[in-house]
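Position 1 is the first residue of the sequence; numbering continues from there.
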Amino acid sequence: YSKGTLSSVLNESVSIAGKASNGKGGVVGVNAGNIKNSTNKVSVDGTVVGGVSGINSGLIEDCNNEGKITGYGYVGGICSKNTGTISRGVNKGGVSATLAVHTGYTKVESNGKTCTNRSLENTYVGGVCAYNNGNVQNAKNTGFISAEGITGGLVGYNLKTIQNSINAASVTAKNKSAETFNVYSGGNCYYTTITKNGEAGGLVGINTGSSASLRHSYNIANVTSEGV
């Protein structure tokens, strides 16, 4: 967690992994200050992960990610969740993510077999940020993105401002299915398959809300989506 200023930080040796939801990043887990002129070159994996910072409420300026970013939940090339400002950030690393399958309650059938209720939780993925409720400006993604869930070349889920930014790498969103039981009757489980569609955009996966703004930004790469 940083509330100060980090400048000219280079991480090229310590990979980051963990399932904590409070943020994992190649430079810092949570940034509430300033990160400038810094680069991550190692892999980062987890549930709320970014190449530079897991969660950003401050300023990330002139920073790069070159490491592979993987996980589920919120996965971004520069940061996972942004409520601050990202300026002149460049992601060059590949970004990939899966949908989490959550295990719920169980029942035991008359034949002794245990059946499990399951659910799927959305994953949000972006070349710059998974989730943006702040400002992304003059940013660029050149790392391929392949993920299950809501996927954007720049931002997965956008609620605020993206401007003067570019996506120059392929974006692929895949569907995810899981088998679950939804009826238990007469000592037996009756199964169904649940599916969440992969949705992809060259710039954003979902752009929504009265403050959402996408200006002077463009995509020059292929976009593939299994969803509707």
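- Between Tyr157 and Tyr131, the ring planes are parallel. Angles under 30° get that label, and only those over 60° would be called perpendicular.
- For Tyr105 and Phe181, the distance between ring centers is under 6.0 angstrom.
- The heavy-atom pair separating Asn219 from Ala221 by the smallest distance is ND2-O, 2.9 Å.
- For Asn222, the CG atom is loosely surrounded, since the number of other residues' heavy atoms within 6.0 Å does not exceed 12.
- Note on Ile150: it does not cluster hydrophobically with Leu203, by side-chain heavy-atom contacts below 4.5 Å among ILVMFWY residues.
- Gly143 approaches Ala169 most closely through the heavy-atom pair O-CB, 3.3 Å.
- In terms of hydrophobic clustering, with Ile, Leu, Val, Met, Phe, Trp and Tyr side chains grouped at heavy-atom distances under 4.5 Å, Tyr1 and Val48 are assigned to a common cluster.
- Checked by atom type and distance alone, the side chain of Glu199 never pairs as donor or acceptor with a backbone atom of Gly205 at under 3.5 Å.
- Under a cut-off of 6.0 angstrom, the local environment of NE2 in His216 is sparse, with at most 12 non-hydrogen atoms contributed by other residues, nucleotides or ligands.
- Salt bridge annotation for Arg88-Asp62: present, with a cationic side-chain nitrogen under 4.0 angstrom from a carboxylate oxygen.
- In terms of modelled atom types and a separation under 3.5 Å, the side chain of Thr123 and the main chain of Thr98 share a donor-acceptor contact.
- At distances below 3.5 Å, at least one donor-acceptor pair connects side-chain atoms of Thr180 with backbone N or O atoms of Arg118.
- Residues Ile194 and Leu120 are in side-chain contact: their nearest non-hydrogen atoms beyond the backbone lie under 4.5 Å apart.
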